[in-house]
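Residues take their numbers from the sequence shown, with the count starting at 1. As the structure lists them, so they are numbered: ligands from 1, and atoms in each ligand from 1.
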Amino acid sequence: MRTFILITTFLLLSCNNKKSGYFSAISENDIKLETPKEGEWLYEHKEKGQSFEEYKNSHPIRPTANKAVIYLMPIGDFTEPQQKILNLTREYVEIFFQQKTVLLKAVSDKTVPFRQREDGNIQLLAPYVLDSLLIGKTPDDGIALLAISAKDLYPKSDWNYVFGLASYVKRVGVSSIYRLQDTRRLINVASHEIGHMMSLHHCTFAKCTMNGSNGLAETDAAPNRLCSACQQKLYWNFTYDNRKRLKELMDFCKENALEKDYDILKLDYEKDRPSEFIRRS
Ligand SMILES: [Zn+2]
Ligand SMILES: [Zn+2]
């Protein structure tokens with residue numbers, strides 16, 4: 001009996017070590033955040049970050065046999081190049097979360113309240129999109145629903161614009177292609193917002209997709225890579241093959257000329273290389 005318990009404990013420890021091995025290996029590639037400068041997200045929002053334990057204790061939504069699909073819902077009219085970016089975003093989100101992702105047919109934005117800026121730019125009221133178009137509309141097998149608007153968004157009258165808005169509790173969110181217009185930015189914002197729906201808070205540990213952003217400069221500085229702490233949370237929730245995920249992300253970046261992101265992901269892939277392939281000098 002005692003032997004059995006010992007063996008069981010040993011096996012459990014071995015499994016744990018194996019998991020933590022990947023995260024501790026790639027943690028060497030985490031790049032610490034610099035002291036926030038005026039105008040940056042962390043300068044204006046004093047966030048503490050969310051530990052792995054805090055994440056687990058927040059009881060995030062987890063996929064089940066009947067509820068595991070991520071839905072993307074385009075809102076408004078999209079040009080052909082924008083439609084291509086939407087298709088690529090679907091592909092990327094599916095790889096990023098290792099969960100089936102479906103791009104729904106576009107719906108009209110005609111019922112959404114809007115305002116027109118002096119330059120003629122029409123902006124939709126983002127909280128209305130959440131409340132009226134999205135909450136309660138997630139298909140039965142959906143774990144999250146992210147709308148992507150063709151028009152620009154604003155959250156309230158005293159804000160100029162917003163890239164995205166998501167509800168942690170209802171697991172719906174809205175983003176816009178208007179200010180992004182580029183695959184790299186849209187996949188960054190979409191995975192960030194869906195991350196929120198999976199209860200990931202803003203990351204303050206390292207450069208990471210889950211860093212808060214006050215504008216394009218910060219979004220462009222955020223890598224399309226989760227830091228080791230955020231990857232550990234996602235893995236705990238969704239349980240996938242880390243190496244397969246990395247390889248698929250790298251292939252996506254290569255096919256879409258996202259060289260900077262490819263190079264960053266490759267560092268993780270090389271750190272996690274099985275020991276027999278490491279050439280010793
Ligand atoms: Zn955010
Ligand atoms: Zn992170």
(message) Please give me the protein atoms (N, O or S only) lying under 2.8 Å from the Zn ion (ligand 2), ordered by chain and number.
(response) Cys203 SG, Cys208 SG, Cys227 SG, Cys230 SG
(request) Using a cut-off of 6.0 Å, state whether more than 12 heavy atoms not belonging to Phe52 lie near its atom CZ. (result) yes
(message) Within a 6.0 Å radius of atom NZ on Lys67, are there more than 12 heavy atoms belonging to other residues, nucleotides or ligands?
(response) yes
When the side chains of residues 78-85 are checked against the rest of the protein, which donor-acceptor pairs come out under 3.5 Å, sequence neighbours left out?
residue : atom : partner : partner atom : Å
Thr79   : OG1  : Gln82   : N            : 3.3
Thr79   : OG1  : Gln82   : OE1          : 3.4
Gln82   : OE1  : Thr79   : N            : 3.0
Gln82   : NE2  : Gln181  : OE1          : 3.3

(message) How long is the straight-line distance from OH of Tyr55 back to SG of Cys230, given to the nearest 0.5 Å?
(response) 9.5 Å
(request) Sort and list the pairs that fulfil side-chain hydrogen bond (donor to acceptor under 3.5 Å, both in side chains) and have at least one residue in residues 125-150, not counting sequence neighbours. (result) Tyr71-Asp141
Listed pairs under 3.5 Å, donor-acceptor, residues 157-166 side chains, sequence neighbours left out:
none

